[in-house]
Amino acid sequence: MEQMVHNYVGSTTEIKTSGQGFDPQQREEKPGITNCSEQIIKRVSENGAISNRDFMEICLYDRQFGYYTTLKPIVGNDGDFYTSCTVSPVFGIIIAKQLEEMWSIMGKPQFTIVEYGAGTGALCKSILYHLSKNEEMYAKLRYCIIEKSAAMRQKEMELLQEKVEWIDSIQEITGFQGCVLSNELLDNFAVHRVVMQDELMEVFVGFEDGFFEELRPAGLVLKEYLAELGVELPNGYHTEINLQALDWLTEIAAAMERGYLLTIDYGYISREIYKPSRSQGTMVCYHRHQVNELIYQHIGEQDITCHVNFSALSHWGTKNGMNECGFTTQGQFLMALGFREELLKMLSAEKDVMQAAIKAASISNTLLIDMGSSYKVLVQEKRMKQDKLLGLAYCGSACV
């Protein structure tokens, strides 16, 4: 799906779709004013236009009205999207099998799992269910969740009754050994939007009878990000830059004594993310299971997301002592760890054989093919032996 670019003359919103001429009749409707948009309007009126990064941060994480901070359902049938761990518990069981192997490679020490953004808590529950069968590991296990949203933390606490503790920052457990787990997290970090003109320009958001965008010369840190990755954008090329992901990775590297970072998300490596076909960026929104590209509608009431640049994670990880172990698709990762066997085992109690077969086919299609091809898995390590992890048995090319 091509990303729509919002071009503005004064306060008039025009929408141009990549590859098509501008249609003056094709205009974004004036957005309904929500509680969250009022927060943005107030900030803009006081301080002037704000960066897309700040706009997105308020939309998703405003303490009172942000998308992820309210108690309304956002995942599943009643929400706006599905995640792998809510499709079937077998996803978490497979992740747990990889964690078991990591623990064994490390010499079976006291082992800390740090999960960022645990959402509904479904992944944690499945992981702990499997690991509880390994008495030796379970006795040495510490499971920490870092959850930015107070509303989501409340949901997690209702589901997870034992073995779990919530912390506000990974700096609270500096010196730990284990694995940091990130599943569908980084795509929701607030990003800067840029476009190459005579020089690199950054998108800022203002408000006057409606939201509008203006371009300002990009700061040095945004230019250095592209330069360090060896990326030269052609004139007119729009993209996003996720600086928050780099800060996140740097914090993890500083806090971890030794162990692994397991990142699962949808995205690409640099040579894919900067293709001409993605010249309008990758930002999209999810509202009631429908994809749209209208970021100024349903403000605070829809998810806003961008594809992850895994080359950037690998590059800055290496700079911080977190070396790449391997990069693969979610489907390959799950298959290498015995997905089919675990799925059949989980469905073996189903009395209706035909119903079990239908469930198996549906779950396999979703986790191995649909999500399995678009979601990627990056494993990085700090101070570990270069043992090949089972989940990376079908590992393809490196990120960089």
Side-chain angles (χ1 to χ4, degrees), residues 53 56-57 60-61 95 98-99 102 112-118 123 144-148 167-192 219 221-231 239-270 272-274 282 305-328 330 333 375-384 386 389 391-392 395 398-400:
R53 186 261 171 219
M56 190 172 171
E57 180 73 18
L60 297 180
Y61 301 109
I95 300 297
Q98 183 60 88
L99 294 169
M102 291 174 174
T112 299
I113 299 171
V114 182
E115 183 182 357
Y116 275 85
L123 179 58
C144 299
I145 291 177
I146 299 176
E147 181 58 70
K148 190 173 184 177
I167 59 177
D168 295 322
S169 168
I170 199 167
Q171 296 171 353
E172 295 177 27
I173 55 171
T174 297
F176 72 92
Q177 300 182 75
C179 180
V180 174
L181 174 59
S182 157
N183 180 53
E184 301 183 47
L185 171 80
L186 304 187
D187 62 287
N188 288 123
F189 280 3
V191 299
H192 298 265
V221 67
L222 297 177
K223 296 176 181 178
E224 289 179 340
Y225 173 95
L226 295 174
E228 192 150 348
L229 290 176
V231 173
T239 192
E240 302 88 23
I241 295 179
N242 192 339
L243 297 180
Q244 188 177 349
L246 308 186
D247 294 338
W248 171 81
L249 195 153
T250 301
E251 279 193 356
I252 291 170
M256 180 185 291
E257 175 65 25
R258 67 183 184 115
Y260 298 91
L261 170 58
L262 174 58
T263 304
I264 305 172
D265 226 312
Y266 61 87
Y268 307 100
I269 57 177
S270 280
E272 293 289 331
I273 212 164
Y274 298 116
T282 68
T305 178
C306 294
H307 282 62
V308 174
N309 186 336
F310 284 97
S311 293
L313 295 181
S314 180
H315 177 78
W316 268 274
T318 299
K319 290 183 65 174
N320 286 277
M322 301 285 294
N323 299 310
E324 181 179 328
C325 296
F327 178 67
T328 188
Q330 176 178 293
F333 180 79
Y375 284 64
K376 311 300 191 307
V377 179
L378 173 64
V379 183
Q380 295 162 279
E381 57 80 17
K382 179 178 181 181
R383 297 180 56 201
M384 293 302 306
Q386 292 299 315
L389 294 171
L392 300 173
C395 183
C399 286
V400 292

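Positions are given from 1 along the sequence.
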Under the salt bridge (charged side-chain N to carboxylate O under 4.0 Å, His left out) rule, what pairs show up with a residue in residues 242-255, not counting sequence neighbours?
-> none
Set of side-chain hydrogen bond (donor to acceptor under 3.5 Å, both in side chains) partners for His307, sequence neighbours left out | none
Value for CG (Leu262) from CD (Glu381), rounded to nearest 0.5 Å, stands at 13.5 Å
Can you measure from CD1 (Ile264) to CG (Leu378) and round to the nearest 0.5 angstrom?
-> 10.5 Å
Kindly give the heavy-atom pair with the smallest separation between Met256 and Lys382, and that separation in Å.
-> O-NZ, 2.6 Å
Show your working on side-chain contact (heavy atoms from CB on, under 4.5 Å) between Asn309 and Tyr274 and close with a plain yes or no.
-> CA-CA 10 Å; Asn309 186 336; Tyr274 298 116; 3.4 Å; yes
Mind checking what makes side-chain hydrogen bond (donor to acceptor under 3.5 Å, both in side chains) contact with Glu272, not counting sequence neighbours?
-> Lys275
Nearest heavy-atom pair of Cys179 and Met102: which atoms, and what distance?
-> SG-SD, 3.8 Å
Output every pair passing side chain to side chain donor-acceptor pair (under 3.5 Å) with a member in residues 252-265, not counting sequence neighbours, ordered by first then second residue.
-> Gln177-Arg258, Glu257-Arg383
Can you name the residues that form a side-chain hydrogen bond (donor to acceptor under 3.5 Å, both in side chains) with Asp187, not counting sequence neighbours?
-> Thr305
Provide the closest heavy-atom pair for Ala312 versus Tyr225 in the form atom of the first, atom of the second, distance.
-> CB-OH, 3.4 Å
Looking at Glu324 and Ser314, what are the two nearest heavy atoms and their distance?
-> OE1-OG, 2.6 Å
Can you tell me if Thr282 and Glu240 form a side-chain donor-acceptor pair at under 3.5 Å?
-> yes
Looking at the rings of Phe310 and Tyr268, which for Trp means the six-membered one, are their centres under 6.0 Å apart?
-> no
For Cys144 against Ile167, the heavy-atom pair lying closest together | CB-CD1, 4.0 Å
Is Trp248 close to Leu186 at the side-chain level, that is, under 4.5 Å between some pair of heavy atoms?
-> yes
Taking all heavy atoms of Leu313 and all of Ala245, pick out the closest pair and write down the distance.
-> CD2-CB, 4.1 Å
Name all residues meeting the side-chain hydrogen bond (donor to acceptor under 3.5 Å, both in side chains) criterion together with Glu57; count only those two or more places apart in sequence or in a different chain, and write none if there are none.
-> Lys148
For Glu228, which residues count as a salt bridge (charged side-chain N to carboxylate O under 4.0 Å, His left out) partner, sequence neighbours excluded?
-> Lys319
Kindly compute the distance separating CG (Leu229) from CD1 (Ile269), expressed to the nearest 0.5 Å.
-> 12.0 Å
Atom CG in Leu123, atom CG in Asn183: separation rounded to 0.5 Å?
-> 5.5 Å
